[in-house]
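Working notes, structure below.
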Amino acid sequence: MARTFFVGGNWKMNGSIQTSKDLVANLNKAQLDPNTEVVIAPPALHLLLVKDLVESSQVKISAQNAYHKASGAFTGEISVSQLKDAQVPWVIIGHSERRTLFGEADSNVAEKTKAALAESLSVILCVGETLEEREKNETVSVVVRQLDAVAAEVNDWSKIVVAYEPVWAIGTGKVATAEQAQEVHAAIRKWATEKLGSQVAEALRIIYGGSVAAKNCKELAGQPDIDGFLVGGASLKPEFVDIINARL
Ligand SMILES: O=C(COP(=O)(O)O)NO
């Protein structure tokens, strides 16, 4: 079964009301590969504005994070229930910046993923190793540990896209080579086959993130277990369209 190519744009904490409008305007007038599933994740403050401005049903929106409880005294947080109420269909969970800068542990990521799925949201689940862990040859064990934590709480993976994002490649311009990325994606596919079963593993989209750009996306997209991308910096530039069209 062919897996639908998936490209996410993680805008992170960037932009203004005007630049968000400009980015959507660029996407609205672009010729996008109809075989690519596109999800863009603006800052929370701009989510509903962007949602209203997106013209193509091919382009969906995502939150960059969410809290697992439905409501309560959690100042500053946005709940998975509020995302569902606002008809925001996707949420990124476990991004390395949430893990390293905001102290999200594997257990928090699992709890959030379970809660998001319970609200019928789709989840971009981020995993990936630090440079130190890679240099100690711990990459696969780290990624498996992160995935196992979610698998302990979640049975249905049909609405999860796994994003492998080596921390050392995020925002650095040091993109993983196609061979490096494929090696870890294949290990994730193997984990899924053993843990979730071959049918689920075959259907699971495993996307790569970490300095993806127009100049490197085609080689990466040609790898058998790379099903797309989660793009940071380049999603704020016109070249994001080239990445969406990487398989053309
Ligand atoms: O964090 C990333 C990748 O960021 P860059 O493309 O800027 O490396 N995606 O969620």
Side-chain angles (χ1 to χ4, degrees), residues 5-15 19-20 23 26-27 36-44 46-47 50 59-66 88-104 108-109 112-113 116 121-131 133-134 139 142-143 146-147 150 160-178 180-181 184-185 188 205-221 223 226-246:
F5 195 59
F6 182 102
V7 174
N10 177 4
W11 297 2
K12 303 191 183 183
M13 190 182 76
N14 290 301
T19 60
S20 288
L23 284 169
N26 287 341
L27 272 182
T36 300
E37 185 171 0
V38 181
V39 174
I40 52 177
H46 302 166
L47 260 175
V50 167
V59 179
K60 297 289 191 296
I61 60 161
S62 175
Q64 296 178 14
N65 179 41
V88 175
W90 284 87
V91 59
I92 299 171
I93 291 179
H95 191 281
S96 63
E97 287 146 15
R98 300 298 312 171
R99 294 175 188 260
T100 55
L101 302 176
F102 301 98
E104 287 188 11
N108 302 123
V109 172
K112 286 171 178 246
T113 304
L121 303 181
S122 295
V123 172
I124 298 173
L125 171 62
C126 298
V127 296
E129 83 287 5
T130 64
L131 181 60
E133 289 164 339
R134 173 165 281 267
T139 297
V142 166
V143 166
Q146 293 171 329
L147 290 168
V150 176
I160 294 177
V161 170
V162 173
Y164 166 59
E165 297 200 306
V167 179
W168 48 270
I170 296 175
T172 62
K174 295 176 188 149
V175 64
T177 65
Q180 285 174 321
V184 182
H185 280 234
I188 293 171
R205 266 89 62 82
I206 307 168
I207 64 177
Y208 168 80
S211 295
V212 173
K215 64 177 186 283
N216 59 42
C217 64
K218 284 190 176 298
E219 185 185 10
L220 285 161
Q223 297 301 309
I226 297 180
D227 304 312
F229 302 111
L230 184 53
V231 184
S235 69
L236 302 169
K237 300 173 185 171
E239 72 181 284
F240 186 52
V241 172
D242 297 327
I243 297 167
I244 290 168
N245 296 335

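In each ligand, atom 1 is the first atom listed, and ligand 1 is the first ligand listed.
With ligand atoms numbered from 1 in the order given, ligand 1 contributes 8 (O) to contacts under 4.0 Å with heavy atoms of Ala169. Within the listing of ligand 1, atoms 3 (C), 8 (O) sit less than 4.0 angstrom from a heavy atom of Gly210. Remark: ligand 1 atoms within the under-4.0 Å shell around heavy atoms of His95 are 1 (O), 2 (C), 9 (N), 10 (O). Here is the list of ligand 1 atoms found below 4.0 Å of a heavy atom in Gly233: 5 (P), 6 (O), 7 (O).
Looking at Gln146, its side chain never comes within 3.5 Å of a backbone N or O of Val127 through a donor-acceptor pair. No donor-acceptor pair closer than 3.5 Å links the side chain of Glu165 to the backbone N or O of Gly128.
Shortest contact from atom 6 (O) of ligand 1 to any protein heavy atom: Gly232 N, 2.9 Å. For atom 9 (N) of ligand 1, the nearest protein heavy atom (residue, atom name, distance) is Glu165 OE2, 2.5 Å.
When every heavy atom of Val175 is checked against every heavy atom of Ala169, the shortest pair comes out as CA-CB, 4.4 Å. When all heavy atoms are compared, the tightest approach of Thr113 to Leu125 is OG1-CD1, 4.0 Å.
By the 3.5 Å distance cut-off applied to N or O atoms, Glu97 is not counted among the residues near ligand 1. In terms of polar-atom proximity, Ile170 is not counted as a contact of ligand 1, lacking any N or O under 3.5 Å from an N or O of the ligand. For ligand 1, the polar-atom distance check finds an N/O of Ser211 within less than 3.5 Å of one of the ligand's N/O atoms.
By the 30° and 60° cut-offs, the orientation of the rings of Phe229 relative to Tyr208 is perpendicular.
Here Leu230 has heavy atoms under 4.0 Å from ligand 1 in both its backbone and its side chain.
Considering CZ of Phe5 and CD1 of Ile244, their distance stands at 9.5 Å, rounded to 0.5 Å. The distance from atom CG of Leu220 to atom CD1 of Ile207, rounded to the nearest 0.5 Å, is 12.5 Å.
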